[in-house]
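Written out below as structure tokens is the structure these notes cover.
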There are 2 protein chains.
Amino acid sequence: MPVTLQQIAEAAGVSRGTVDRALKNRGRVNAEVAERIRKIAKEMGYQPSRAGRALAMAKKNVKIAVILQSVQTPFMNLVLEGVLAAKQEVESLGGSVEVFPVKGVDAQSVMEIMDKLYEEQYSGIALVPSEDSVLKNKIRQFAEEYEIPIVTLNSDVEDTKRLCYVGQNGIQSGRTAAGLMGEIIGEKGQVVVISGHISNPSLNNRARGFQSEIMDEFPEIELIHTRYSYDDDWVAGKIVEELIEQYPNLSGIYITGPAVKGICEALEKLGKGKSIKVIGNDFLSENKKWMEKGVINFLIGQDAYVQGYEPVMILFRLFLDHKEPKEEYQYTEIVIKTKYNM
Amino acid sequence: MPVTLQQIAEAAGVSRGTVDRALKNRGRVNAEVAERIRKIAKEMGYQPSRAGRALAMAKKNVKIAVILQSVQTPFMNLVLEGVLAAKQEVESLGGSVEVFPVKGVDAQSVMEIMDKLYEEQYSGIALVPSEDSVLKNKIRQFAEEYEIPIVTLNSDVEDTKRLCYVGQNGIQSGRTAAGLMGEIIGEKGQVVVISGHISNPSLNNRARGFQSEIMDEFPEIELIHTRYSYDDDWVAGKIVEELIEQYPNLSGIYITGPAVKGICEALEKLGKGKSIKVIGNDFLSENKKWMEKGVINFLIGQDAYVQGYEPVMILFRLFLDHKEPKEEYQYTEIVIKTKYNM
DNA sequence: TTGAAAGCGCTAACAA
DNA sequence: TTGTTAGCGCTTTCAA
């Protein structure tokens, strides 16, 4: 039976209001009395009731906004699932959550939405940022001047006073892929990285992690120069054809992100579907299909659900429990899937 | 801004009590009116407030008990962490959770605790069962006669009317290990399974899954007859010595559970630490240490935290939201770890 | 500096 | 069959 404020008040011989002020350090309470109350609360093992607090705060109407970029991609759809789960939980606790989808990468739209959120007095914002110095300034302005906490997800922006970042550790993800690759090709042979856009920071992190781990740990593996598909399946197919012509004994391919379809179809057409080992990223249905077929050997995932769920809950806890996140960088778990545990 | 019962009542021109009865199908309400209320509630997108409900139910004092066997093992310690997290969440919502630890496997103690729980009118029980027909009968009695819902975790007992089971799919876990093993030894060579007690059902499931997948998918891999360590490191070390003498070209070892230390030390002593591929189970610190060293190549995990957390929350949701779990078998995710994503 | 009281959304007991 | 009401634990405002 959990201890209540009322019980502490009785034990201390004061009123509930006084206990509340003492425990919240809201001042206006005699220092000695406050000390005594805190001691009693500790002895009795007081834990505030979430239900009571949520109910009492319901009139304040905590409003959380989520701005998602690239919503049309399957990955962001998974993130959205996490957001909706958090929305339900928050709303059943008296808060509210609104999602603002942005098609493609569009800092301009994000900023327009942010302006609206400021006017409508939102309590906190979770957003997928993009590299844009004006957007960065606006994030800093919200965090510092307006005191509206902001959590970045999926990608991060440095030096903006944002509360925290929830997403993958791209470097470590690439290193994990490298470890697997070394293991399954017997620590020797030729390996290539096929990436997407040359300017995508997440993909670049993965590629960098992969490359450095191969170079550090697998001296007998030859790393062929990275290719870029620019997110285009046709281009990716061409890249594979050229690679195989140039390196007929190619052992492995690491796909940092998109254009899985183009790559796998080309491999299959050239009869290399089974012999060349392939490691991809993200649990999209297209990717899972190729793993099922045996063309992709491993998929590394970034737990999209958590990326949607956590930022919302972090903001809500900030208001409900007055609890800041413990870590500024909340890296999601790096998940390894094969066709057996998909 | 979430919709409240009061708002629905106003929209329907009735009182809050009537709306409540109509939506809960608690009868005593005019059929037509009830229908109209339900329609309005749906239109307005009514979602009951967890906070309000939790608070109102606090006086009923939902009490959940958790009986853990083999608490001295590191694995159960991980389970306990999940239980404690759930305990905190439940208690902040007005319920209470009590943990009853049992050392070793001891059906007798479990049953004594259950009797006590019945007297003290606990609302629901989560427990780690063991193979024992008297215990099985008691579980059935609680579920059917006393109507105290029971959730099994980690191991299951069939035909007992228990509400559901939360734990690993041992067969699938073994299959996953087999897939990894095939991949890293190049789909050929000799492979052996080292298990613990010959009568441990979880370990047997893993071994069976492993064996059948090797036989089905990797015809060129030779499966050597399974060895049993009986959870003893010294025995396990001897087994390894004998195996390597008998099969000097052994390619891989699958350890279904305990005695990892004995096996890995022997491998290291014989200079086989790197050349023989090893796949183990569970993320215990001992196991992680050997993976860090490179003696173990992969660890397959059964998400102990979830096994502790979920059963408690399932029972609590049953009382708070009147929601039964969707699935009778709640298999925890099969997690693959290497030294890179540990 | 402290106490008293209203009210958040819901359940359940009681009255009509 | 329906309405009314007390109270769950907490926050917050107002009065003392």
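Heavy atoms only: backbone and side chains are in, while hydrogens, waters and symmetry mates are out. The sequence lines fix the lettering, A, B, ..., with proteins before strands; numbering per chain opens at 1.
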Base, sugar-phosphate, or nothing: which does Asp20(A) touch, judged by heavy atoms less than 4.0 Å apart?
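If one applies the 4.0 Å heavy-atom cut-off, Asp20(A) turns out to touch a base.
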Identify whether any heavy atom of Pro48(A) sits under 4.0 Å from a base atom; if not, whether one sits that close to sugar-phosphate; answer base, sugar-phosphate or nothing.
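Sugar-phosphate, no base atom in range.
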Is it true that [X] and [Y] make a salt bridge, defined as a side-chain N closer than 4.0 Å to a carboxylate O?
| X | Y | answer |
| --- | --- | --- |
| Glu91(B) | Lys87(B) | yes |
| Asp159(A) | Lys136(A) | no |
| Lys116(B) | Glu119(B) | no |

Of all the choices, [options], which nucleotide is nearest to the side chain of [X] once you look at every atom?
| X | options | value |
| --- | --- | --- |
| Thr4(B) | dC8(D), dT2(D), dC10(C) | dC10(C) |
| Lys59(B) | dT2(C), dG9(C), dC8(D) | dC8(D) |
| Arg16(A) | dT5(D), dG3(D), dA6(C) | dA6(C) |

Is there a side-chain polar atom (N or O) of [X] under 4.0 Å from OP1 or OP2 of [N]?
| X | N | value |
| --- | --- | --- |
| Ser49(B) | dC10(C) | no |
| Arg53(B) | dG9(C) | no |
| Lys24(B) | dT11(C) | yes |
| Thr18(B) | dG3(D) | yes |

From [atom1] of [X] over to [atom2] of [N], roughly how many Å is that when rounded to an integer?
| X | N | atom1 | atom2 | value |
| --- | --- | --- | --- | --- |
| Glu91(A) | dG9(C) | CD | P | 13 Å |
| Met57(B) | dG9(D) | CE | P | 14 Å |
| Leu55(B) | dA6(D) | CG | P | 17 Å |

Of Ala56(A) and Ser15(B), whose nearest nucleotide on DNA chain D comes first from the 5' end?
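It is Ser15(B) whose nearest nucleotide is closer to the 5' end.
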Between Arg21(B) and Gly17(A), which is nearer to the 5' end of DNA chain D once each is assigned its nearest nucleotide?
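Closer to the 5' end of DNA chain D: Arg21(B).
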Does the plane of the ring in Phe142(B) sit parallel, tilted or perpendicular to the ring in Tyr118(B)? Use 30° and 60° as the thresholds.
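Taking Tyr118(B) first and then Phe142(B), their aromatic rings stand perpendicular (interplane angle over 60°).
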Take Arg162(A) and Glu328(A) through the test salt bridge (charged side-chain N to carboxylate O under 4.0 Å, His left out) and record every step on the way to the result.
CA-CA 9 Å; Arg162(A) 51 111 188 84; Glu328(A) 184 183 345; 2.9 Å; yes
